[in-house]
Amino acid sequence: MSNLDDMKQKAAEFGDDVKHKAKQAQLDGEKAVSDLKHEAEEAKLKGEKAVSDLKRDTEAKHDETKSCFEEKVDEAKEKMHDLKEEASEKFDEFKKAVHDKLDNLKK
């Protein structure tokens with residue numbers, strides 16, 4: 001019977017080893033899943049930050065471009081006003097010169 005008892009003992013030890021290894025494998029699997037979740041959360045945060053940075057940079061670039069455009073429009077308006085005044089002055093001078101010449105011709 002001692003042989004049978006030895007076999008029972010070995011079977012019990014083997015069963016305990018299998019249970020221990022199964023629990024260790026389960027813990028290792030749970031740790032791997034937890035690590036993957038953590039890495040996924042980090043990747044998500046990095047992605048959200050990248051999108052936020054891109055949005056901020058795009059808005060800043062848009063504001064800069066809009067400001068530059070508005071400045072150019074204002075410069076063009078000012079130049080058009082100056083040209084209009086200059087043309088009006090030259091027209092007035094031309095009218096006076098023509099009027100003076102007509103007056104000289106009448107004399």
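Note that the numbering runs from 1 along the sequence shown for the chain.
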Once you round to the nearest 0.5 Å, how far does [atom1] of [X] lie from [atom2] of [Y]?
{"X": "S34", "Y": "E39", "atom1": "OG", "atom2": "CD", "answer": "10.0 Å"}
{"X": "E70", "Y": "D63", "atom1": "CD", "atom2": "CG", "answer": "9.5 Å"}
{"X": "E48", "Y": "E41", "atom1": "CD", "atom2": "CD", "answer": "10.5 Å"}
{"X": "L83", "Y": "K90", "atom1": "CG", "atom2": "NZ", "answer": "10.5 Å"}

Sequence neighbours left out, cut at 3.5 Å: what donor-acceptor pairs do the side chains of residues 20-28 make with other protein atoms?
residue: Q24; atom: NE2; partner: D28; partner atom: OD1; Å: 3.0
residue: Q26; atom: NE2; partner: E30; partner atom: OE2; Å: 3.2

Legend entry - With K84 via side chain to side chain donor-acceptor pair (under 3.5 Å) - residues at least two apart: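 With sequence neighbours excluded, K84 shows a side chain to side chain donor-acceptor pair (under 3.5 Å) to no residue whatsoever.
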
Legend entry - Pairing residues for E85 by the side chain to side chain donor-acceptor pair (under 3.5 Å) criterion, not counting sequence neighbours: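 So E85 forms a side chain to side chain donor-acceptor pair (under 3.5 Å) with H81.
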
Inset, instruction - For K49, enumerate each residue passing the salt bridge (charged side-chain N to carboxylate O under 4.0 Å, His left out) test, keeping only those at least two apart in sequence or located in another chain. - result: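 Expected list: D53.
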
Legend entry - Sequence-distant partners of K61, salt bridge (charged side-chain N to carboxylate O under 4.0 Å, His left out), two or more places apart: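 K61 satisfies salt bridge (charged side-chain N to carboxylate O under 4.0 Å, His left out) with no other residue.
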
Contacts table for residues 91-101: side-chain donor-acceptor under 3.5 angstrom, sequence neighbours left out:
residue: K96; atom: NZ; partner: D100; partner atom: OD2; Å: 3.3
residue: H99; atom: NE2; partner: D103; partner atom: OD2; Å: 3.4

Legend entry - Residue among E59, K66, E64 satisfying side chain to side chain contact (heavy atoms under 4.5 Å, CB included) with H62: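 Option passing the side chain to side chain contact (heavy atoms under 4.5 Å, CB included) with H62: K66.
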
